[in-house]
Amino acid sequence: MPRLSSRPRAVLWGQYALGGGVALLAAAFVLYPVYFLLQAAFDVGDPDVRPPSAYGWDNFAALPDYSKILFNTLGVAFAATIMALVFGFLTAWILNRTDVPYRRTLEQAMAVPYYVTPLLGAFAWSLLGSPESGFINQIWRGLGGSDALIDITSPFGIAWVMALFEGAVAFVMIGAVMKSMDPSLEEASQVIGGGRWRTMLRITLPLVAPGVLGAAIYVFAEMLGSFSAALVLGTPARFYVLTTAIYQLVSQYPPRMSLAAAMGVSLFAVMFAMMYFYRRLMARGSYVTVSGKAFRPRVMQVGRLRWVLFGICVSYVVLAVVLPILTLFYASVQKLAVAFPRLSDLTFEHYREAMSMNAVRSAMGNSLLLGVSAATIGVLVTFLLAWIIHRSKMPGRGVLEYVVMFPQAVPRLVFAFGMMWAWLVFPLPIYGTLWLLLIAYVTVFLPLGVRTISGVMVQLDKSLDECGQVCGASWAYRMRTITMPLLRPGLLAAWLLLFIASVRELGASILLMGPQSKVLTPSIVEAWFASGSELTAAMALIQTAVIGLAMAVFTILTRRASQHKG
Amino acid sequence: MAEIGNKPPNTSSRRAALRAGMAMVSLPLLNIAARAQSARPVTKVLDFQTTADVLKAEAEGEVVFYTHDGDGAAAAVVDAFNNDFPKIKANYVRAQNGALYSKLLAERSAGRFNVDVIQFSEIGTAIDFQKRGGYERHVSPEIGAFPTKYLSPTPGDYFWMGVTFGGIAYNTNLVKPEDAPKTWKDLLDPRWRNAMSTKQATSGMQFVEWYELRRLYGPDYWKQFAKQRPRGFDSRVPMFDRLSKGDDKVCAIAEYAGYLLYHQKGAPVAFVTPDDGLPATPVVAGAVSRAPHPEASLLFIDWMMSTRGQALYQNNLQLAYNSFRTDAPPMPDGKRLSDFKLLIPTDMADYLASHDIFNKEWNAMMGL
């Protein structure tokens, strides 16, 4: 092999210095709190004394007592992941690969469930499907039915709500992969006689496998850490999962933090087994669909079937968007939310009350500021991390992929304790400020950004970059003119997801907010605990409207930027 | 057990007279203690007395309040203080009692002292914090308005900011008044199986109910109760929400404050006062040592203990803690604390020692 001249070697070192710096920083952000979590999990001394006064395995030895809860958690998470992937894949395929009518409108509507805080989705479905008071069941009984038509508090009901609201991310992640796919392989399949469904199952599905698997890992981890649906729907039915059990254990006095940390840490094993499986699968084949050959994303003509597919998408939008939002609005304009209110009980008082709360107004501003900052920084960081993991030959890149998944592997409420302990002793005055929340959001959403961008990155043929290299283009120039434009759908999807995830974040914010750094979602949860369902519904709709407005601005800006470039 | 009689407000009794006499004796002693310990000039601000230097407090410009209460309730407190003292920006941090205490201790062990005043929903937490030397001893000039039993053993560390108490509530659309449970033992009737709500082990109120009814009826009461498969919740609002909508027929620890809130909304709920008494738990507040705004923290405590602070806590339905001040006005519905027979643990050592058993038993009962 010819020796590199001094200039290319310097450039290579420059790349590695930049990439390595980002990798080290990200790893430090993740591993620093993880160290404190591990410390807590093995703490068998006075739980209120830090650092621990004694270490041992007692907390892990107590875990079999909670095996039923672990079983509940895995069962619900598995069911919800399957449902979310089926919804996500089917709708992403319909909207990206077929000529279904009103695609753009449907595409925007499909992402709405993700704007809504999962608590609100759970809350809306609780109003709709509770066995006694659920609006659907009241109407059913009003029509002469007996018992309950649906029971949203059952494990299946909880999984359904989790899939609708926390699984909506699967649609965005798989959709980003499908957007970057050259349709020539699908066309070839159809030319040689493969039907539409056969093409979808035999060609499309295997080609988007990295994206689907990446989404599956992310969604399953998200479901393991899911809190809101289990809290609102499971608790009344005495059905607990790990997150709701942990919440109870850390909220009671004396708080059982060490046991909660052991529960959280034990989930690392589940997550890393899945990561190992994913990497093995990825190593076996090539999933490149974007090569040097030019292509224009085209859609399949599906004839009359387009209206059936349209019906499927509309049904999803109705169940996940229209019905919950209408239900919340219906509840928010009543003094006491019931299915058949009197006219005299209708009121807009809850909106007036929500808007008059100083804390809500400042929290809304903080949430938007943090959302934009965390998404922008997060996309830059996760892009570089994905590049290191999938494109560089940097030593330790495999380990890095595991490291960035840590925050996803443990319920955020528990990870937040690790972050609190870590940043409390850090010799910089950021504890209790918006800076800490920014660091927390970028850290906990590293897995989301990396998974979203990686799904698209592994589709890019390395030869495109190598071509530029042969022509003498610098690494930075190649990034700017080749890699990043090709990754544009993935980067935009990642920004969008990080923005929404940050604005609606709950678990870490509860613990890390300071007196002057409040954000919105914990206030909404508090309203549910302390003020009643009607005010909560009003606050949730206000939050959804604000996120929707921000998304509309983002969409207009990116569209204008595209037109300008075009 | 302390009993705040189940009698009309002005009824006199030997015990009441004795208590009043004790209180009268204790007042001057406390005032002397206040003067001796604080050695600070007492000034009158608005309609209350304080030993804080108000000008210094205003120069500090901020006071940070940690509380277990929800956002709405915490905001109501700091907004009211801000209205009274516009030059001092009151801010709050809130979390559930256990998480709040963990956060506080973690901050202090890391050498960060961010909090001026703290309020716990569980007296055991306050006692533990006192043992760790967490409170700034401040004998407020308003302390004389509180009976000594509602103050920390060494007055000035913490005080009972207010009390919340609970009885039984039922949905009037689903349960006829003649069928409704009248006593705590009526809750063991199989007809309430799978139709009853309680609180989780996170609740100080639930701990008191468990402790007091166990003391009255023995440990078997809760074993029988567990067979009813009650549903557990973290706060009173979701419980009354469910009760008023018919998801539950009966609430086994219905806080009176929650009843007032939903009664005002026109919900079909009724409140039952069992003859044996109503479990009651205080919320406990105090100034924190090494506070970043020491004068503002003392002013905040004096304001909390004053008639105006206590009135806010009693009348705002998101707070709705009844005042222990001897001159406390009636509650929003016109009743007084003395109209209810309250069950408050008196043997604190025994009460605190039983917390672990409670957590274990109650978590198991809730299905955890």
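So you know, we letter chains A, B, ... as the sequences are listed, proteins then strands, and number each from 1.
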Which answer fits B:Ala73, side chain, backbone, both or neither, if we ask what part of it has an atom under 4.5 Å from a heavy atom of chain A? neither
Of B:Leu317, B:Asp69, B:Asp241, B:Asn97, the largest count of non-hydrogen pairs under 4.5 angstrom with chain A goes to B:Asp241
Contact part of B:Glu107 toward chain A, heavy-atom cut-off under 4.5 Å: side chain, backbone, both or neither? both
Charged tip of B:Lys103 within 45° of A:Phe417 ring normal and under 6.0 Å: no
Please check if atom CH2 in B:Trp222 has more than 12 non-hydrogen atoms from other residues, nucleotides or ligands closer than 6.0 Å. yes
Heavy-atom cut-off 4.5 Å, strictly under: side chain, backbone, both or neither for A:Pro522 against chain B? backbone
Region of A:Ala237 that comes under 4.5 Å of a non-hydrogen atom in chain B: neither
If you draw a 6.0 Å radius around NE2 in B:His263, do more than 12 non-hydrogen atoms from other residues or ligands fall strictly inside? no
Rounding to 0.5 Å, atoms CD (B:Gln200) and OH (A:Tyr247) come to a distance of 9.5 Å
Ignoring hydrogens and angles, state whether a donor on the side chain of B:Asn363 or A:Gln252 is under 3.5 Å from an acceptor on the partner side chain. yes
Counting heavy-atom pairs under 4.5 Å to chain A, which of B:Phe240, B:Phe65, B:Phe233 comes out on top? B:Phe233
Structural part of A:Met513 lying under 4.5 Å from a heavy atom of chain B: backbone
Checking A:Arg238 side chain against B:Pro230 main chain: does a donor-acceptor pair fall under 3.5 Å? yes
Non-hydrogen atoms of chain A under 4.5 Å away: do they reach the side chain of B:Ala267, the backbone, both or neither? both
From the list B:Arg236, B:Met239, B:His68, B:Arg94, the residue making the most non-hydrogen contacts under 4.5 Å with chain A is B:Arg94
Can you name the nearest heavy-atom pair linking A:Met420 to B:Ser102, along with the distance? CE-O, 4.4 Å
When only pairs under 4.5 Å are counted, which of B:Leu261, B:Leu368, B:Val93 shares the most heavy-atom pairs with chain A? B:Leu368
Before you tell me yes or no, could you show the steps for A:Ser130 and B:Asp247 under side chain to side chain donor-acceptor pair (under 3.5 Å), namely the whole-Å CA-CA distance, both residues' side-chain angles and the distance that decides it to 0.1 Å? CA-CA 8 Å; A:Ser130 284; B:Asp247 288 318; 4.6 Å; no
Determine, stepwise, if the pair A:Gln516 / B:Glu62 fulfils side chain to side chain donor-acceptor pair (under 3.5 Å). CA-CA 11 Å; A:Gln516 293 181 49; B:Glu62 191 183 6; 3.0 Å; yes
Against chain B, label A:Leu535 side chain, backbone, both or neither, depending on which of its atoms sit under 4.5 Å from a heavy atom there. neither
Contact residues of residues 110-121 of chain B (partner chain A; heavy-atom separation under 4.5 angstrom): B:Ala110, B:Arg112, B:Asn114
Check whether A:Tyr240 gets within reach of chain B through its side chain, its backbone, both or neither, counting any heavy atom under 4.5 Å. side chain
Should the heavy atoms of other residues, nucleotides or ligands under 6.0 Å from NZ of B:Lys245 be counted, would the total exceed 12? yes
Expected output: side-chain B:Tyr101 to main-chain A:Pro255 donor-acceptor under 3.5 Å: no
Of all of A:Thr244, A:Val525, A:Leu336, which one pairs up most often with chain B through heavy atoms under 4.5 Å apart? A:Leu336
Looking at side-chain heavy atoms only, is the closest gap between A:Phe529 and B:Asp234 below 4.5 Å? yes
Single hit among B:Asn359, B:Thr125, B:Asp128 for side-chain contact (heavy atoms from CB on, under 4.5 Å) with A:Pro254: B:Asn359
Return the CG to CD1 distance between B:Leu100 and A:Ile510, rounded to the nearest 0.5 Å. 12.5 Å
Portion of A:Ile69 that has a non-hydrogen atom of chain B nearer than 4.5 angstrom: side chain
Heavy atoms only: give me the nearest A:Thr235-B:Gly232 pair and the separation to one decimal. CG2-O, 3.2 Å
Mind jotting down which residue pairs meet the side-chain hydrogen bond (donor to acceptor under 3.5 Å, both in side chains) criterion with at least one end in residues 333-342 of chain A? Sequence neighbours excluded, please. A:Arg342-A:Asp345
Of the backbone (N, CA, C, O) and the side chain (C-beta and beyond), which part of B:Asp248 lies under 4.5 Å from a heavy atom of chain A, both, or neither? neither
Between A:Glu534 and B:Lys265, does any side-chain N to carboxylate O distance fall below 4.0 Å? yes
When every non-hydrogen atom of B:Asn91 is compared with those of A:Pro515, the smallest separation belongs to CB-CB, 3.5 Å
Against chain B, label A:Phe36 side chain, backbone, both or neither, depending on which of its atoms sit under 4.5 Å from a heavy atom there. neither
For A:Gln138, is it the side chain, the backbone, both, or neither that has a heavy atom closer than 4.5 Å to a heavy atom of chain B? neither
For chain A, which candidate among B:Ala201, B:Ala95, B:Ala74, B:Gly266 shows the most heavy-atom pairs at distances under 4.5 Å? B:Ala201
Can you tell me which portion of A:Ile524 sits under 4.5 Å from chain B's heavy atoms? Options are side chain, backbone, both or neither. neither
Do you know which of A:Ser133, A:Pro236, A:Ser126, A:Ser533 makes side-chain contact (heavy atoms from CB on, under 4.5 Å) with B:Arg242? A:Pro236
For chain A, find which of B:Gly70, B:Pro238, B:Ser197 contributes the most heavy-atom pairs closer than 4.5 angstrom. B:Pro238
